[in-house]
Amino acid sequence: MNIKDYFLEIRPNFLVLPFVLIFLSTAMAWHYGYSNIGFTLLTLIGLILLHISTNVLNEYGDYKTGIDFNTDRTPFSGGSGILVSGKIPPKHALWMGIISFILAVPIGAYFIFIKGLLILPIFILGSVLVLFYTSHIAKLGFGLSEISAGLGLGTLPVLGAYIIISEGYNLSAVY
């Protein structure tokens, strides 16, 4: 066990997505006359923590079901292989995912306090997707995996960040 294995477990190559989503939200907010660098950076930190949580909990769930033992890994799917290779204990991955989520909660609570309940439904739905995507939602079928991934890795972060940076909902941010 070394620090590099723990770093690789968070799937850092995918952590560019929070930067892209926050950039998009910030650009839209700026276009409509809103700007707040502090809120933007804090939102980015929270989104990175949630993305780490999603990545690690997904890998942990796939490891526990055994799917990662029969997966051909590519740079874009199949997990990191860290748990399957035994480089870190699965319980450590579980705790990494949980702790990352817990660290994001105060950021969300702060924005609910500052911005009001308008953002609460996005935070609740996003939390459900982070915590239960692999363990429950992906197993339901009916295209819910794809819909959940689109919401959790696109629409919800963009809309949520837009609301945080600006003053409310906007059809451009929803789209």
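None of the values given here were measured: they were computed from a predicted structure.
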Q: Decide if atom CZ of F19 counts as having more than 12 heavy atoms of other residues, nucleotides or ligands within a radius under 6.0 Å.
A: no
(Q) I need the minimum non-hydrogen distance between S53 and F101, along with the two atoms involved. (A) OG-CB, 3.5 Å
Q | For the student: nearest non-hydrogen atoms of Y6 and P89, plus distance | A | OH-CD, 3.9 Å
Q: Share the residues that join L41 in a hydrophobic cluster, the rule being Ile, Leu, Val, Met, Phe, Trp or Tyr side chains under 4.5 Å apart at the heavy-atom level.
A: I37
**Q.** side-chain contact (heavy atoms from CB on, under 4.5 Å) partners for A93, two or more places apart
**A.** E9, V56, L83, I88
Q.
Any non-hydrogen side-chain atom of I98 less than 4.5 Å from a side-chain atom of Y60?
A. no
Q | Any Y133 side-chain heavy atom under 4.5 Å of T54 side chain | A | no
**Q.** Set of residues satisfying side-chain contact (heavy atoms from CB on, under 4.5 Å) with respect to K4, sequence neighbours excluded
**A.** N2, L8
Q) Taking only residues two or more places apart in sequence, or in another chain, which ones meet F132 in a ring pair (Phe, Tyr, Trp, His ring centres under 6.0 Å)? A) H136
Enumerate, atom names and distances included, each donor-acceptor pair closer than 3.5 Å involving a side-chain atom of residues 145-157, sequence neighbours excluded.
{"unit_1": "S145", "atom_1": "OG", "unit_2": "A138", "atom_2": "O", "d": "3.4"}
{"unit_1": "S148", "atom_1": "OG", "unit_2": "L144", "atom_2": "O", "d": "2.7"}

Q. Can you tell me how far the CG atom of L129 sits from the CD1 atom of I137, to the nearest 0.5 Å?
A. 5.0 Å
Q. So if you build clusters from Ile, Leu, Val, Met, Phe, Trp, Tyr with side-chain heavy-atom gaps below 4.5 Å, do I45 and V16 land together?
A. no
Q: Name all residues meeting the side-chain contact (heavy atoms from CB on, under 4.5 Å) criterion together with P121; count only those two or more places apart in sequence or in a different chain, and write none if there are none.
A: none
Q) Which pairs pass salt bridge (charged side-chain N to carboxylate O under 4.0 Å, His left out) with one or both residues in residues 30-52, sequence neighbours excluded? A) none
Q) Any donor and acceptor pair, going by atom type alone, linking the side chain of S127 with main-chain N or O of F123 inside 3.5 Å? A) yes
Q) Pairs in or reaching into residues 25-58: which pass ring-ring contact (aromatic ring centres under 6.0 Å, His included), with residues at least two apart or in two chains? A) F39-F111
Q | Pairs touching residues 19-36 that satisfy salt bridge (charged side-chain N to carboxylate O under 4.0 Å, His left out), sequence neighbours left out | A | none
Q) Would a hydrophobic clustering, with Ile, Leu, Val, Met, Phe, Trp and Tyr connected at side-chain separations under 4.5 Å, put F7 with V84? A) yes
Q.
Does anything in residues 15-29 form a salt bridge (charged side-chain N to carboxylate O under 4.0 Å, His left out)? List the pairs, not counting sequence neighbours.
A. none
(Q) Please list all pairs meeting salt bridge (charged side-chain N to carboxylate O under 4.0 Å, His left out) that have one or both residues in residues 95-122, counting only residues at least two apart or in different chains. (A) K115-E167
Q | Pairwise side-chain contact, T26 with T43, heavy-atom cut-off 4.5 Å (strictly under) | A | no
Q.
Out of the candidates I164, L50, L49, L47, only one should pair with I107 under the side chain to side chain contact (heavy atoms under 4.5 Å, CB included) rule; please name it.
A. L49
Q) In chain order, what residues pass the side-chain contact (heavy atoms from CB on, under 4.5 Å) check against L24, with sequence neighbours excluded? A) M28, V158
